[in-house]
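First up is the structure itself, then whatever we jot down about it.
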Amino acid sequence: EPEVTQTPSHQVTQMGQEVILRCVPISNHLYFYWYRQILGQKVEFLVSFYNNEISEKSEIFDDQFSVERPDGSNFTLKIRSTKLEDSAMYFCATGPSNTGELFFGEGSRLTVL
Amino acid sequence: DAKTTQPTSMDCAEGRAANLPCNHSTISGNEYVYWYRQIHSQGPQYIIHGLKNNETNEMASLIITEDRKSSTLILPHATLRDTAVYYCIAYSYGGATNKLIFGTGTLLAVQP
């Protein structure tokens, strides 16, 4: 069964450092998403990406965040200057499948010290 | 996006059917009812979705009321590994907001 792959599984960084989280989507999916989940809280939408551009973003997705698909396969989320409050699980999702569902990766845990 | 409401938590005995309710009284005609679950801090896992007919797959059954204002996810024989947070989401692919919006879900605890 095809799956969404995310790397790294866990990253620890110092406040102010840049972080890049990577996602390999399922091939032939057209929509790509990033979500985050702060420990003990809801899964929150960050951004959606379609046709090589952002189609929608939330209030959380400020100028410190950016997304791109640098080589036509990987989908990346960059945080330019991390803050303590960026510590969270970040999930990539892609879709839709031919029956309409979105698939999520297992997440990247970001810890900002 | 239609807002859904779910109980905060439920218990179920291992081997019994787990019935998880969801209210979505403001669902629009082109929105499907999707169910996902999240085991511990893993990525949300798709379970099932439907528009107005009842649906069944290898994981679960979905019963949608005729007026589409509520639905029930049924796990026919719950196991300990089904302990998770279950999310009911109204979603329309290609709609105005083409994204899943997660609420707080129902924490299902399967008891041995």
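In what follows, chains carry the letters A, B, and so on, assigned in the order in which the sequence lines appear, proteins first and then strands, with residues in each chain numbered from 1.
Of the atoms belonging to A:Tyr50, not a single heavy atom falls under 4.5 Å from chain B. Only the side chain of B:Tyr87 comes within contact range of chain A, with heavy atoms under 4.5 Å apart. Contact of B:Gln38 with chain A is made through the side chain alone, with heavy-atom distances under 4.5 Å. Both the backbone and the side chain of A:Glu101 come within contact range of chain B, with heavy atoms under 4.5 Å apart.
Within the 4.5 Å cutoff, the side chain of B:Ile63 has heavy atoms near those of the B:Ile74 side chain. Looking only at side-chain heavy atoms (C-beta outward), B:Ser28 and B:Ser92 stay at 4.5 Å or farther from each other.
The neighbour count for B:His40 NE2, taken as heavy atoms of other residues, nucleotides or ligands under 6.0 Å away, does not exceed 12.
Aromatic ring orientation, B:Phe102 versus A:Phe104: perpendicular (interplanar angle above 60°, classes split at 30° and 60°).
When A:Thr111, A:Leu113, A:Val19 are each tested for a side-chain contact (heavy atoms from CB on, under 4.5 Å) with A:Thr82, only one passes: A:Val19.
Contact count versus chain B (heavy atoms, under 4.5 Å) is highest, among A:Gln37, A:Met89, A:Gln6, for A:Gln37.
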